[in-house]
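Read the structure below first, then the notes.
Each ligand, and each atom within it, is numbered from 1 in the order the structure gives.
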Amino acid sequence: MKITVVGAGAVGATTADNIIRRELAEEVVLLDIKEGVSEGKSLDMYQTAALLGFNTKPIGSTNDYEKTKGSDVVVITSGLPRKPGMTREELIGINAGIVKSVTENLLKYSPKAIVIVVSNPMDTMTYMAFKESGIPKKRLIGMGGALDSARFKTYLALAMDVSPLDIHGMVIGGHGDTTMIPLTRLATYNGMPVSRFLSSEKLEKVAADTMVGGATLTKLIGTSAWYAPGAAVMMLVESIVRNQKRVVPCSVYLNGEYGQKDICMGVPVVLGRNGWEKIISLRLSDAEKAAFEKSAEAVRAMNGALNL
Ligand code: NAI
């Protein structure tokens, strides 16, 4: 198994670090445009092998795509992150150019790879990668819902003072502060609806905190987060390479599912060795359906800015 991560910044390096620690592949390539950065970070990471006990050796590459040749999974994290006060959508112009050229280069050397898009605005970047590259839809996955769901579970666990491991919950829709949909109605604590433990006001607050979860961190840190994003990407990669068939909300190309066509948005999918295998159709309430429709309108407006 060979995995490439493009972008050796905060999210890309954390992703690669998580992947090598779990030995998800024999080869992990970390590529960045900045001279020496990916080589330096790879060496730094490999120096933890003797301390933490793993065998996967990361390989750094300054923009040399030859080294990525034959990758089974490629992760695209290259691009600008947001600064305090910025929305993910404001990154569109610059990141579109970066994601387009990176996708082309990756597919040239790894035409059969499963592609995971992380760069923001993620749903639009995933849609653009689909339109521009012609990659089969099941091999293209946008990461957003996995992270947003982890944040949702964390806020639920904090509100209930329980372990996040005992919470099940999902965030679907677009990966934006106003477009994501935390499904509070379907969230459970050890199989019991969380509404048994939290008042509707508290649940509304959890949903609101989840939606601005990224912005809250950006304000605190001064740039966007990386620990949970890196772990979320690793979780997708793990389900793919180990063929775990986990159900995770991911941004995928919809062709009528959830009432939407020709758009990439977050819906629960089964992730296995060949990419996303199928979309899980949740029975949404009328209010949730309306929220999904509204979310799709916002994602579509963003896609429109690219004139695809
Ligand atoms: P960062 O600035 O720390 O790292 C980005 C890296 O990309 C830099 O090292 C830069 O040199 C590199 N890069 C830029 N152009 C490149 C190119 N053409 N080829 C190769 N490398 C190139 O940013 P960070 O925090 O790692 O975020 C990366 C992206 O991921 C941002 O767009 C951010 O908004 C997004 N993000 C998405 C999340 C999600 O849930 N989908 C979560 C967190 C971040």
Would you mind reporting whether M45 and L30 have side-chain heavy atoms less than 4.5 Å apart?
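With C-beta onward as the side chain, the pair touches.
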Hey, which atoms in ligand 1 end up nearer than 4.0 Å to a heavy atom of [X]?
| X | value |
| --- | --- |
| L147 | 40 (O), 42 (C) |
| L91 | 34 (O) |
| N95 | 32 (O) |
| G79 | 5 (C), 7 (O), 14 (C), 23 (O), 28 (C) |
| T77 | 28 (C), 29 (C) |

Could you check [atom] against the protein and tell me its nearest heavy-atom contact, residue, atom and distance included?
| atom | answer |
| --- | --- |
| atom 37 (C) of ligand 1 | V118 O, 3.0 Å |
| atom 44 (C) of ligand 1 | V11 CG2, 3.7 Å |
| atom 20 (C) of ligand 1 | I33 N, 3.5 Å |
| atom 23 (O) of ligand 1 | P81 CG, 3.4 Å |
| atom 32 (O) of ligand 1 | L80 O, 2.7 Å |
| atom 3 (O) of ligand 1 | A10 N, 2.9 Å |
| atom 13 (N) of ligand 1 | S78 CB, 3.8 Å |

[X]-[Y] side chain donor-acceptor pair, cut-off 3.5 Å:
| X | Y | value |
| --- | --- | --- |
| S119 | N95 | no |
| E39 | S42 | no |
| T4 | T68 | no |

Side chain, backbone, both or neither: the part of [X] lying under 4.0 Å from ligand 1 by heavy atom:
| X | result |
| --- | --- |
| V6 | side chain |
| V102 | side chain |
| D148 | neither |
| I98 | side chain |
| P229 | side chain |

Charged N to carboxylate O under 4.0 angstrom, [X] versus [Y]?
| X | Y | answer |
| --- | --- | --- |
| K41 | D32 | no |
| D209 | R151 | no |
| E277 | K138 | no |
| D123 | R300 | no |

Crowded around K137 NZ? As in, over 12 foreign heavy atoms under 6.0 Å?
yes
Neighbour count above 12 (heavy atom, 6.0 Å) for R22 CZ
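Open: at most 12 neighbouring heavy atoms sit under 6.0 Å from CZ of R22.
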Test side chain to side chain contact (heavy atoms under 4.5 Å, CB included) on I114 and W276; report intermediate values, then the result.
CA-CA 9 Å; I114 293 165; W276 63 267; over 6 Å; no
Which of the listed options, [options], holds the heavy atom that is closest to [atom]?
| atom | options | value |
| --- | --- | --- |
| atom 4 (O) of ligand 1 | S61, G9, G142, A225 | G9 |
| atom 41 (N) of ligand 1 | M143, R82, R151 | M143 |
| atom 35 (C) of ligand 1 | T62, D32, N120 | N120 |

Check the pair V269, I280 against side chain to side chain contact (heavy atoms under 4.5 Å, CB included), reporting the backbone distance first and the verdict last.
CA-CA 6 Å; V269 294; I280 302 291; over 6 Å; no
If the contact criterion is a heavy-atom separation under 4.0 Å, does S101 count as touching ligand 1?
no
Is it true that H175 lies under 4.0 Å from ligand 1, counting heavy atoms only?
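True for this residue.
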Do the ring planes of F197 and Y189 sit parallel (below 30°), tilted (30 to 60°) or perpendicular (above 60°)?
perpendicular
